[in-house]
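Each residue takes its place number in the sequence, starting with 1.
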Amino acid sequence: MKVLVIGNGGREHALAWKLAQSPKVKTVYVAPGNGGTAADPQLHNIALTDFNALADFVQAEKVTLTVVGPEAPLAAGIVDVFRARGLRVFGPTRAAAQLESSKAFAKAFMQRHSIPTASFATFTDVALAHAHVNAEVGQSGAPIVIKADGLAAGKGVVVATTPAQAIEAIDWMLGEGDNKLGVQHNDGQARVVIEQFLEGEEASFIVMCDGKNVVPLATSQDHKRLLDGDEGPNTGGMGAYSPAPVVTPNVHAKVMHEIILPTIAGMAKDGITYTGFLYAGLMIDGQGQPRTIEFNCRLGDPETQPILMRLKSDLFDLLMHATAGANEGTLDQVELQWDRRVALGVVMAASGYPMNPRKGDAITGLPGELPDACVFHAGTAARDDAPVTAGGRVLCVTALGDSVKLAQQRAYEVLRGIHFDGALYRRDIGYRAIKR
Ligand code: AMP
Ligand code: GLY
């Protein structure tokens with residue numbers, strides 16, 4: 001069989017790598033892919049991004065199944081285009097992807113269906129938003145969270161610790177200097193969601209949904225801040241590991257019953273069948289109560305890299321079950337098998353990430369195939385057949401180990417052999433899990 005992975009990040013490299021391991025898969029195409037998927041003889045990059053051109057390719061090449069990695073094509077309706085042409089694709093429709101593409105939609109949805117989340121208010125008017133901040137912060141003195149309503153590659157959220165920071169963030173997102181963050185606004189106009197600051201520990205909870213059945217993947221945690229100790233600006237994610245010790249069996253059951261299942265049921269009730277990966281970003285408080293910080297309509301990056309290193313089941317089989325029918329699959333027939341070891345991935349980013357990543361630096365020292373580690377590529381390209389940096393997050397060095405500490409040691413051991421000028425990486429990925 002032939003499969004197609006849409007996207008060009010580390011998550012897509014991991015999806016393609018895992019799909020290529022299936023004995024049923026002969027060819028894995030990646031569109032557009034990156035330097036790592038280009039260099040792997042088992043994977044084939046194709047330089048297409050237009051949805052109809054991709055669908056033409058799938059029909060011409062008789063590709064059995066397409067899986068979509070990133071949020072942008074999902075929010076733009078790639079699944080709707082493929083389905084309308086009778087093609088098998090795993091991902092949410094444009095309407096379902098609003099759970100990620102619009103914070104205002106997601107918050108109103110959670111409120112309507114009593115799904116635990118931070119209290120919030122939505123604004124289009126700068127003066128009203130300022131007044132809200134002054135009233136709220138004046139009362140509690142606590143930090144307050146300002147979010148742009150639209151896709152912003154993880155950069156549209158400001159956790160303001162002073163009213164002045166909150167006002168500045170609102171002005172960025174709504175005011176004169178609108179859109180310094182490069183947010184893709186939703187219909188109408190710029191909007192911000194202002195919400196209560198939640199305390200606790202974050203975890204990523206990702207499930208597969210076929211429209212009816214829900215299968216949770218292994219749990220994970222990522223590190224969104226740029227610097228050690230979870231300091232500095234938010235990024236797309238600087239490293240991740242699986243499983244997440246904070247998700248105890250009790251927390252897991254609560255997440256399924258209070259968040260995931262009511263979300264899928266709530267979407268169905270609102271007339272939107274949810275298919276695809278669904279990622280709930282959680283804040284888990286000291287009493288083990290989970291609340292939803294955000295939904296993503298896709299796998300996490302870099303969470304996917306450690307999660308898929310631990311997946312023993314055949315991913316192609318899973319995706320075929322998940323897409324057995326357009327609105328109803330057979331995921332109830334599968335049971336996932338996981339490696340009992342911990343997997344941990346460390347992102348190596350380019351100098352200047354996240355605001356202004358430099359491109360074109362030569363990458364040396366990439367290892368060949370290793371039994372317990374894998375270097376997934378993200379922002380890389382080939383120059384004269386040699387790898388160079390080509391984006392913010394460049395590589396995710398991922399390793400397995402019998403404990404978080406051993407997986408961490410192994411990942412950093414592999415990482416230390418790899419070089420490019422200006423490489424940025426955190427030295428403490430996994431520290432929360434080691435501290436526990
Ligand atoms: P989001 O894009 O909504 O996931 O937000 C990015 C990051 O901002 C999250 O991973 C959290 O670290 C932080 N954050 C967002 N909302 C809240 C909140 N209500 N309380 C505390 N931290 C938050
Ligand atoms: N690592 C966070 C995300 O994929 O959204």
Side-chain angles (χ1 to χ4, degrees), residues 4-20 28-49 67-73 153-154 222-223 226 235-240 298-306 308-309 343-370 373-399 411-426 429:
L4 169 64
V5 177
I6 308 257
N8 65 353
R11 165 184 51 214
E12 289 76 27
H13 188 189
L15 279 166
W17 165 86
K18 183 68 192 166
L19 283 165
V28 181
Y29 296 108
V30 192
N34 57 38
T37 54
D40 186 330
Q42 288 187 287
L43 312 177
H44 306 273
N45 283 3
I46 55 168
L48 295 175
T49 48
V67 54
V68 187
E71 61 276 18
D222 82 343
H223 292 268
L226 182 68
T235 69
M238 294 301 290
R298 51 170 175 81
L299 287 164
D301 189 343
E303 291 94 326
T304 302
Q305 293 85 315
L308 291 186
M309 271 199 87
L344 182 143
V346 182
V347 169
M348 295 179 84
S351 166
Y353 181 71
M355 286 324 236
N356 245 324
R358 189 172 77 201
K359 297 182 182 171
D361 289 304
I363 307 169
T364 57
L366 287 167
E369 213 164 299
L370 300 167
C374 194
V375 180
F376 295 109
H377 288 232
T380 70
R383 187 172 62 202
D384 304 329
D385 278 339
V388 294
T389 63
R393 291 187 291 175
V394 176
L395 301 168
C396 181
V397 184
T398 312
Y412 281 102
E413 196 174 271
V414 175
L415 180 146
R416 278 191 292 272
I418 304 170
H419 294 280
F420 54 89
D421 274 354
L424 298 177
Y425 59 90
R426 283 183 52 165
I429 298 302

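Taking both residues in full, the closest heavy atoms of I6 and P73 are given as CG2-CG, 4.4 Å, listed atom of the first, atom of the second, then distance. Nearest heavy atoms, A349 versus M238: CB-CE, 4.3 Å. Contact detail for T304 and A14: the closest heavy-atom pair is CG2-CB, 4.2 Å. Of all heavy-atom pairs spanning A31 and L48, the tightest one is CB-O, 3.7 Å. A16 and V30 get closest at one heavy-atom pair: CB-CG2, 3.8 Å.
In this structure, NE2 on H377 lies 11.0 Å from SG on C396, to the nearest 0.5 angstrom. The distance from atom CG of L226 to atom CG of L424, rounded to the nearest 0.5 Å, is 6.5 Å. Note that CZ of F420 and OG1 of T380 are 10.0 Å apart. Values are rounded to the nearest 0.5 Å. Distance check: T235 OG1 to M355 CE gives 12.0 Å after rounding to the nearest 0.5 Å.
Judged by distance alone, with hydrogens and angles left aside, the side-chain atoms of R426 form no donor-acceptor pair with the main-chain N or O of H223 at under 3.5 Å. The closest donor-acceptor contact from the side chain of Y412 to the backbone of I429 lies under 3.5 Å. Remark: the backbone N or O of G36 is paired with a side-chain donor or acceptor of N34 at under 3.5 angstrom.
E12 is linked by a side chain to side chain donor-acceptor pair (under 3.5 Å) to nothing, counting only residues two or more places apart in sequence or in another chain. The side chain to side chain contact (heavy atoms under 4.5 Å, CB included) test applied to A373 returns L370, A399, V414, not counting sequence neighbours. Not a single side chain to side chain donor-acceptor pair (under 3.5 Å) links Q42 to another residue, sequence neighbours left out. Partners of R11 by salt bridge (charged side-chain N to carboxylate O under 4.0 Å, His left out), not counting sequence neighbours: none found. H13 meets the side chain to side chain donor-acceptor pair (under 3.5 Å) test with no other residue; sequence neighbours excluded. Residues passing the salt bridge (charged side-chain N to carboxylate O under 4.0 Å, His left out) test with D40: none are found, sequence neighbours excluded. Every residue two or more places apart in sequence or in another chain was checked for a salt bridge (charged side-chain N to carboxylate O under 4.0 Å, His left out) with R383, and none qualifies.
Within the structure, salt bridge (charged side-chain N to carboxylate O under 4.0 Å, His left out) contacts touching residues 344-356 (residues at least two apart or in different chains) do not occur.
Counting only heavy atoms from C-beta outward, the side chains of S351 and D421 never approach each other to under 4.5 Å. Two residues are said to be in side-chain contact when any heavy atoms from C-beta on lie closer than 4.5 Å; L395 and I363 meet this criterion. Here the side chains of L299 and L15 are in contact, with some heavy-atom distance below 4.5 Å. Looking at P306 and L344, their side chains never come closer than 4.5 Å, going by heavy atoms from C-beta outward. Under the 4.5 Å side-chain criterion, counting only non-hydrogen atoms from C-beta, I46 is in contact with L4. Between F376 and M309, the closest side-chain pair of non-hydrogen atoms falls below 4.5 Å.
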>> Test side-chain contact (heavy atoms from CB on, under 4.5 Å) on L19 and V67; report intermediate values, then the result.
In response: CA-CA 10 Å; L19 283 165; V67 54; 4.1 Å; yes

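Y29 and H44 have tilted rings, their planes meeting at an angle from 30° to 60° on a 0 to 90° scale.
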Donor-acceptor contacts, no H, no angles, side chain residues 387-394, under 3.5 Å, sequence neighbours left out:
residue: T389; atom: OG1; partner: G360; partner atom: N; Å: 3.1
residue: T389; atom: OG1; partner: D361; partner atom: N; Å: 2.9
residue: R393; atom: NH1; partner: G236; partner atom: O; Å: 3.2
residue: R393; atom: NH1; partner: G237; partner atom: O; Å: 3.0
residue: R393; atom: NH1; partner: D301; partner atom: O; Å: 2.9

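Checked options V397, L415, V347; the residue passing with Y425 is L415 (criterion: side-chain contact (heavy atoms from CB on, under 4.5 Å)).
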